[in-house]
Q: 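Once you've had a glance at the structure underneath, I'll fire off some questions.
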Amino acid sequence: MIQLDKVNKWYGDYHALVDVTETINKGEVVVVCGPSGSGKSTLIRTLNRLEPIQSGQITINGQDIHRRGLDLNEFRSHIGFVFQQFNLFPHLNVLENCILAPARLRGLKPAEAKARSLALLERVGLAHKATAFPSELSGGQQQRVAIARALAMEPPLMLFDEPTSALDPEMVGEVLLVMRDLARDGMTMICVTHEMGFAREVADRILFMDAGQVLERATPDDFFNRPQSPRAQKFLSDIRTPFAVEF
Amino acid sequence: MQFDLSLILSGKYHDWLLSGLGVSLALTGITLLLALPLAIAIALCRLAPIKPLNWLALAYVETIRNIPLLAHLLFWYFGAPELLPDNIKEWLYSGNIEAISAVAGLTFYTAAYMSEDIRSGIRGIPVQQIEAARAIGFGFMATMRLVILPQALRITIPPLISQTLNLWKNTSIATVIGVAELMYQAQKVETDSFRSTEAFAFATASYLGVSLVITLLAALYHHRYPVRNV
Amino acid sequence: MLDLIHDYWLYFLIGQYPNGPFGGLGLTLVLATSGLLLSLPLGLIFGIARISPFRIIRWPITALVYLVRGTPLLMVIFWAYFFLPSITGHKTDQITTMLTALVIFDGVYLAEIVRAGILGLPKGQLECARSLGLGYFEAMRFIILPQALRSMLPSLVNQFISTIKETSLGYIIGLTEVSFIASQINTQVLTKSTQVYFILGLTYFVLCFSLSRFAYWLEKALQRTRSQKAAA
């Protein structure tokens with residue numbers, strides 16, 4: 001479904017993505033992990049063109065996403081993106097946040113949009129907060145609304161950019177549960193995350209990145225028990241500190 | 001209508017405009033020299049540990065800022081001289097009362113705005129500096145003079161330069177009370193020659209030109225003396 | 001001073017209306033309000049242009065902003081006064097001239113306020129709106145501007161105060177606003193200059209000071225609602 005071919009990106013002189021070549025299939029759940037600055041967020045942001053690339057090709061469903069004549073807004077409306085900072089629209093309530101895009105972009109009538117949004121809010125466990133404003137919600141609740149908002153466009157692909165990194169520890173679980181349920185329903189997902197427990201349990205494949213390169217691609221079992229590259233081995237031993245939650 | 005630059009590049013119109021530019025620059029310079037010390041004084045009054053002084057300085061700043069410069073100048077030219085004793089009044093009227101009123105108005109006006117910037121600059125210095133100075137045994141004035149103001153001035157220079165820019169543009173309003181500065185002369189050229197474009201083009205170019213120089217000075221200062229925090 | 005007020009208060013407030021042009025404090029307020037309202041759309045357009053990712057839009061507008069900000073308002077008024085008639089083809093009255101000058105001048109200053117308001121929002125808001133698939137102008141209209149305009153309110157009130165003070169420069173072209181009327185009264189009475197100009201100053205002071213207190217209250221109210229929401 002997604003094909004990356006020798007994708008390269010520079011920030012000025014800094015080589016952020018180095019010859020990245022990957023294939024991600026429909027229905028796969030891929031977790032991208034690695035140390036800070038390894039290019040994980042950059043990579044996922046290139047997929048909906050929030051970041052430009054300097055060379056290489058990205059193909060989604062057989063179409064080059066950088067081709068001339070591509071309607072960028074239309075393209076983006078088919079990809080759900082969940083941000084680390086939630087980015088809910090503070091001047092709209094929860095329901096309005098979810099309704100906005102389907103109503104404006106898919107021409108859904110108000111009643112339809114409302115019904116669809118409420119169903120999604122029910123799915124993430126927040127239908128009872130439909131008329132609340134983002135400022136009245138906890139971080140975990142806001143992020144779940146953000147997921148519902150992204151799902152409202154019925155995208156075939158969901159991208160998660162460190163969705164739980166800005167959350168207090170006790171709220172991480174509720175968001176990961178929603179993401180797990182989404183995976184079980186067959187959604188194609190790419191998640192950048194530090195949550196190794198989630199990766200182990202939910203991911204079909206793990207991509208380990210460092211310094212802009214994908215150093216390892218393996219099943220969770222292989223990655224956690226038999227890491228091949230020294231960098232991955234170091235990463236895993238570093239995160240297995242005495243205080244880390246055992247996974 | 002042809003745009004005839006030669007009209008203003010030489011001859012009597014050129015001289016008029018140039019003298020106007022000179023007067024504008026002089027107004028700016030003199031006001032700056034007078035307003036700056038006044039502004040520092042007012043800022044210190046705002047921060048002094050004496051309540052009546054605080055209140056007085058606040059009243060001064062609020063009064064000035066809520067009245068347009070034009071009204072200030074009208075007051076200083078038409079209203080204020082009436083309050084003076086007769087012999088001073090006579091001396092004023094025989095001399096250049098227009099320019100004196102203009103400088104008075106501009107000075108008090110500009111000082112009010114500058115004092116706010118200086119006050120912000122002073123308040124931007126970490127309170128620990130004041131504590132340290134007081135701990136050594138310095139009184140309010142000594143603390144200000146030796147420790148705070150030298151540091152505050154560096155932070156304050158950019159907004160002060162911005163105020164100087166405003167002052168430069170504000171000198172144009174002095175034309176209302178008959179000061180023969182740039183706008184006045186441009187109008188005079190226009191009435192005499194009906195060539196409004198050339199006269200006002202010269203005036204606009206002068207204002208922009210000096211504005212540019214002042215802005216560049218600000219950038220230069222910022223480059224050479226960046227704000228250094230501990 | 002009291003008989004001065006008694007004799008001239010109506011003239012001071014509305015000029016010679018209905019026996020002549022509308023003027024005085026009334027004109028000052030009407031001019032300032034219309035000036036601000038009319039320059040708002042211009043300020044919005046210029047402000048958005050100033051942050052445009054396209055240089056071909058950004059540079060000319062930025063140049064215009066620097067041009068207008070480096071010129072005294074008086075100069076802009078004169079340009080309007082001398083060149084509006086040739087552009088429009090017939091003689092323009094002082095009110096239209098002054099209004100034109102105010103709209104251009106304030107539009108540019110409003111552009112800076114708008115720009116600051118938009119840039120003050122978290123970057124993620126626009127990114128998120130674009131990620132959903134909303135176009136640039138849709139994102140501006142539904143997400144960015146509603147939030148930015150709300151945070152800009154105190155600055156807008158301050159700009160209104162500035163505009164009130166700017167109307168005084170209409171004096172130069174014979175506009176019958178309140179400063180001009182005060183001078184007319186002064187020429188009629190001749191012996192009470194100090195009182196006349198004192199009252200003029202007082203009028204401006206009361207007007208502008210109350211508005212600045214309102215702006216201050218507005219800012220505090222905005223901060224309060226923000227912290228209330230954040231605390232929840």
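Just so it is clear: chains get the letters A, B, ... in the order the sequence lines come, proteins before strands, and each one is counted from 1.
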Q: Could you tell me whether C/R213 atom CZ has more than 12 heavy atoms of other residues or ligands within 6.0 Å of it?
A: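 Correct, the count exceeds 12.
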
Q: Has C/Y66 got more than 12 heavy atoms of other residues, nucleotides or ligands less than 6.0 Å from its OH?
A: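 Result for OH/C/Y66: open.
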
Q: Heavy-atom pairs under 4.5 Å with chain A - which of C/G124, C/G135, C/P122 has more of them than the others?
A: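 The answer is C/G124.
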
Q: Is it the case that more than 12 heavy atoms not belonging to C/K220 sit under 6.0 Å from its NZ atom?
A: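 Atom NZ in C/K220 is crowded, with more than 12 foreign heavy atoms closer than 6.0 Å.
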
Q: Main chain of C/C128, side chain of A/N87: is a donor-acceptor contact present, judged purely on distance under 3.5 Å?
A: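 Between the backbone of C/C128 and the side chain of A/N87 there is no qualifying donor-acceptor contact (under 3.5 Å).
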
Q: How far apart are the closest heavy atoms of A/H91 and C/I143, and which atoms are they?
A: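 For A/H91 and C/I143, the tightest heavy-atom pair comes out as CE1-O, 3.5 Å.
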
Q: So what's closer than 4.5 Å to chain C heavy atoms on A/I79: side chain, backbone, both or neither?
A: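 Just the backbone, heavy atoms under 4.5 Å.
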
Q: So A/L100 and C/L132, do their side chains get closer than 4.5 Å, heavy atoms only?
A: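 Sidechains of A/L100 and C/L132: no contact.
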
Q: With a 4.5 angstrom heavy-atom cut-off, could you sort out which part of A/F89 is near chain C: side chain, backbone, both or neither?
A: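 For A/F89, backbone and side chain are both near chain C.
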
Q: If you count the non-hydrogen atoms of other residues, nucleotides and ligands that lie under 6.0 Å from CH2 in A/W10, is the total more than 12?
A: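 Count over threshold, so yes.
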
Q: OG/C/S131 to CZ/A/R49 distance, rounded to the nearest 0.5 angstrom?
A: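 Interatomic distance, C/S131 OG to A/R49 CZ, rounded to 0.5 Å: 12.5 Å.
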
Q: To check you understand the geometry: which heavy-atom pair defines the closest contact between C/G133 and A/R76, and what is its length?
A: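 Heavy-atom minimum between the residues: CA-CB, 4.1 Å.
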
Q: Counting heavy-atom pairs under 4.5 Å to chain C, which of A/Q84, A/M153, A/R149, A/H78 comes out on top?
A: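 Option with the top pair count is A/R149.
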
Q: In this structure, are over 12 heavy atoms from other groups packed under 6.0 Å from C/F54 atom CZ?
A: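 Count not over threshold, so no.
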
Q: Let me confirm one number: the CG-CD distance from A/L88 to C/Q125, rounded to the nearest 0.5 Å.
A: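 Spacing of CG (A/L88) from CD (C/Q125) equals 8.5 Å.
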
Q: Whether the side chain of C/E127 engages the backbone of A/F83 through a donor-acceptor N/O pair (distance < 3.5 Å, no angle test) should be reported.
A: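 No; zero donor-acceptor contacts below 3.5 Å.
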
Q: Given side chains that start at C-beta, do those of C/E138 and A/N73 come closer than 4.5 Å, heavy atoms only?
A: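 In short, these two side chains do not touch, never coming nearer than 4.5 Å.
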
Q: For atom CD of C/E219, is the number of surrounding heavy atoms from other residues, nucleotides or ligands below 6.0 Å larger than 12?
A: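 Not buried by this count: 12 neighbours or fewer within 6.0 Å.
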
